[in-house]
Amino acid sequence: MNKNSENTSWWKRFMKSMTKAHDLGTEEDILLDHDYDGIKELDNVLPPWWLAGFYITIAISIFYLIMVFGFGKYSQYDELNDEMATAKEEIEAYKAANPQLFDDANIVAFTDAENLAKGKELFTSKTCVVCHLADLGGSIGPNLTDNKWILGGDVKSIFNVLTNGGRPGKGMIAWESTVTREERIQLASYIISMQGTTPAVPKPAEGDIVWPAE
Ligand code: HEC
């Protein structure tokens, strides 16, 4: 036997063990005895290479089930909780780095012409005029030029009303999602700047908070 034929027989033996193929010419041994319109069937065994792959997928599925649904760091719930915790930390860090965006105690009314003009423009463009009128005299909403306030007339109170809305059911919605923080301060500043002006048809004063406080 030369080297080549040795190799061939090794390879052949390997292929045979992997496929368990039935030897050619002896199909009679495994021929099933039924016959469908002339089509016959051989009773071959499942090839070991294929079976091995099948068993491996079963083993992987058990491993996967335990790791993903059971314990282990691949648990989807743990992953979600980790991400939520990270997000919370990032939000806190952002708040800490930008306190002026979140701390209402820092709000100061603008007094410069530019910001007040912007506030006036917003009062129209954000539809405040519909309920409070262009001269702030009041219609559905209260008069904003007198010194009587339902919810408070200082810049923080007004800002708070714009952010969170008035009392439930009164018609003054929360504007937090549609008017930016900066714009809400500009609006509040404009309203404060209109204190003491005389509207064409002023609505009778509402509310018992007097501002500026006496
Ligand atoms: C749909 C009508 C409506 C619109 C639009 C509206 N408001 Fe009001 N607003 C009201 C009503 C009604 C109240 C009274 C709320 C209450 O009694 O709790 C009110 C209350 C207020 C107050 C508090 C007044 C007080 O006496 O404490 C301020 C300030 C105010 N609105 C500003 C605005 C601004 C600025 C806008 C536009 C971004 C606006 N409103 C849009 C109806 C409206």
Side-chain angles (χ1 to χ4, degrees), residues 75-214:
S75 153
Q76 294 187 12
Y77 294 108
D78 285 357
E79 231 173 67
L80 175 69
N81 289 340
D82 284 354
E83 280 175 22
M84 293 302 280
T86 312
K88 220 174 190 170
E89 273 169 29
E90 283 171 5
I91 291 172
E92 290 311 319
Y94 183 78
K95 280 185 174 176
N98 302 280
Q100 75 288 358
L101 291 184
F102 299 96
D103 190 356
D104 293 351
N106 292 335
I107 291 178
V108 179
F110 293 119
T111 49
D112 60 289
E114 196 182 318
N115 278 308
L116 293 180
K118 191 76 212 304
K120 181 174 184 167
E121 182 213 310
L122 287 166
F123 202 80
T124 302
S125 65
K126 297 294 179 184
T127 71
C128 317
V129 288
V130 177
C131 297
H132 294 283
L133 298 194
D135 61 9
L136 278 61
S139 127
I140 295 169
N143 182 344
L144 300 177
T145 64
D146 56 26
N147 65 350
K148 288 272 178 44
W149 295 86
I150 302 168
L151 301 157
D154 60 307
V155 66
K156 281 167 206 159
S157 300
I158 296 178
F159 177 82
N160 184 44
V161 175
L162 297 184
T163 303
N164 302 310
R167 295 170 296 172
K170 293 290 180 184
M172 175 68 182
I173 59 163
W175 298 87
E176 189 173 18
S177 56
T178 44
V179 180
T180 68
R181 184 178 195 274
E182 179 84 355
E183 289 171 341
R184 276 176 273 140
I185 300 176
Q186 287 167 332
L187 275 167
S189 307
Y190 169 64
I191 291 170
I192 287 171
S193 77
M194 294 293 280
Q195 285 291 286
T197 58
T198 313
V201 189
K203 199 179 172 191
E206 291 168 76
D208 46 21
I209 302 175
V210 178
W211 193 271
E214 281 166 348

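Both ligands and their constituent atoms are indexed starting at 1 by order of listing.
Formation of a donor-acceptor pair under 3.5 Å by the Asn143 side chain with backbone atoms of Lys203 is found in this model. Side chain of Gln186 to main chain of Ala109: no donor-acceptor pair is present (N/O by atom type, distance under 3.5 Å, no hydrogens or angles). Listed for the His132 side chain is no donor-acceptor partner under 3.5 Å among the backbone atoms of Gly137. Within the 3.5 Å criterion, the main-chain N or O of Gly153 finds no donor-acceptor partner in the side chain of Ser157.
Residue contacts with ligand 1 include Pro142, since one or more of its heavy atoms lies under 4.0 Å from the ligand. Within the structure, the closest approach of Val179 to ligand 1 does not fall below 4.0 Å when heavy atoms are considered. For the pair Val130 and ligand 1, no heavy-atom separation below 4.0 Å is found.
For ligand 1, the atoms closer than 4.0 angstrom to any heavy atom of Gly171 are 1 (C), 2 (C), 3 (C), 42 (C), 43 (C). Ligand-side atoms of ligand 1 in range of Gly166: 18 (O), range being under 4.0 angstrom from any heavy atom. Near Leu162, meaning under 4.0 Å from one of its heavy atoms, ligand 1 places the atoms 32 (C), 33 (C), 34 (C), 35 (C). Heavy-atom contacts of Lys170 reach the following atoms of ligand 1: 12 (C), 15 (C), 16 (C), 17 (O), 18 (O) (cutoff under 4.0 Å). Close contacts of ligand 1 with Gly141, meaning ligand atoms under 4.0 Å from a residue heavy atom, involve 10 (C), 11 (C), 12 (C), 42 (C). The contact set between ligand 1 and Thr127, taken as ligand atoms under 4.0 Å from a residue heavy atom, comprises 5 (C). Atoms of ligand 1 found under 4.0 Å from any heavy atom of Ile158 (numbered from 1 in listed order, with element): 29 (C). Taking every non-hydrogen atom of Ile140 and a distance limit under 4.0 Å, the qualifying atoms of ligand 1 come out as 12 (C).
Residues Ile185 and Val108 share a closest heavy-atom pair of CG2-O, 3.8 Å. Of all heavy-atom pairs spanning Arg181 and Ile107, the tightest one is NH2-CG1, 3.8 Å. In plain terms, the two heavy atoms of Thr163 and Arg184 that are nearest each other are OG1-NH1, 2.8 Å.
The aromatic rings of Tyr94 and Phe102 sit perpendicular, their planes meeting at an angle over 60°, well past the 30° parallel limit.
Taking OG1 of Thr127 as the start and CG of Leu122 as the end, the distance is 11.0 Å to the nearest 0.5 Å. Between Lys156 atom NZ and Ile158 atom CD1 the span is 12.5 Å, to the nearest 0.5 Å. The CD atom of Glu182 sits 4.0 Å away from the CZ atom of Phe110 when rounded to the nearest 0.5 Å.
The protein non-hydrogen atom at the shortest distance from atom 26 (O) of ligand 1 is Ile150 N, 2.8 Å. Trp175 CZ2, 3.4 Å is the protein heavy atom nearest to atom 41 (C) of ligand 1. The protein heavy-atom contact nearest to atom 3 (C) of ligand 1 is Cys131 SG, 2.6 Å. Scanning the protein for heavy atoms near atom 23 (C) of ligand 1, the closest one is Val161 CG1, 3.9 Å. What sits closest to atom 28 (C) of ligand 1 on the protein, heavy atoms only, is Leu144 CD2, 3.8 Å. Among protein heavy atoms, atom 34 (C) of ligand 1 sits closest to Cys128 SG, 3.4 Å. Remark: minimum distance from atom 17 (O) of ligand 1 to any protein heavy atom is reached at Arg167 NH2, 2.9 Å.
The shortest N or O to N or O distance between Leu151 and ligand 1 is under 3.5 Å. Considering both main-chain and side-chain atoms, Leu187 never comes within under 3.5 Å of ligand 1 through any nitrogen or oxygen pair.
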Fill in: Check against side-chain contact (heavy atoms from CB on, under 4.5 Å), Lys148 and Val210
CA-CA 5 Å; Lys148 288 272 178 44; Val210 178; 3.9 Å; yes
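For His132 atom NE2 and Met172 atom SD, the angle they make at atom 8 (Fe) of ligand 1 is roughly 170°, to 10 degrees.
If you run side-chain contact (heavy atoms from CB on, under 4.5 Å) between Ile192 and each of Val155, Leu116, Asp154, Thr111, only Val155 comes through.
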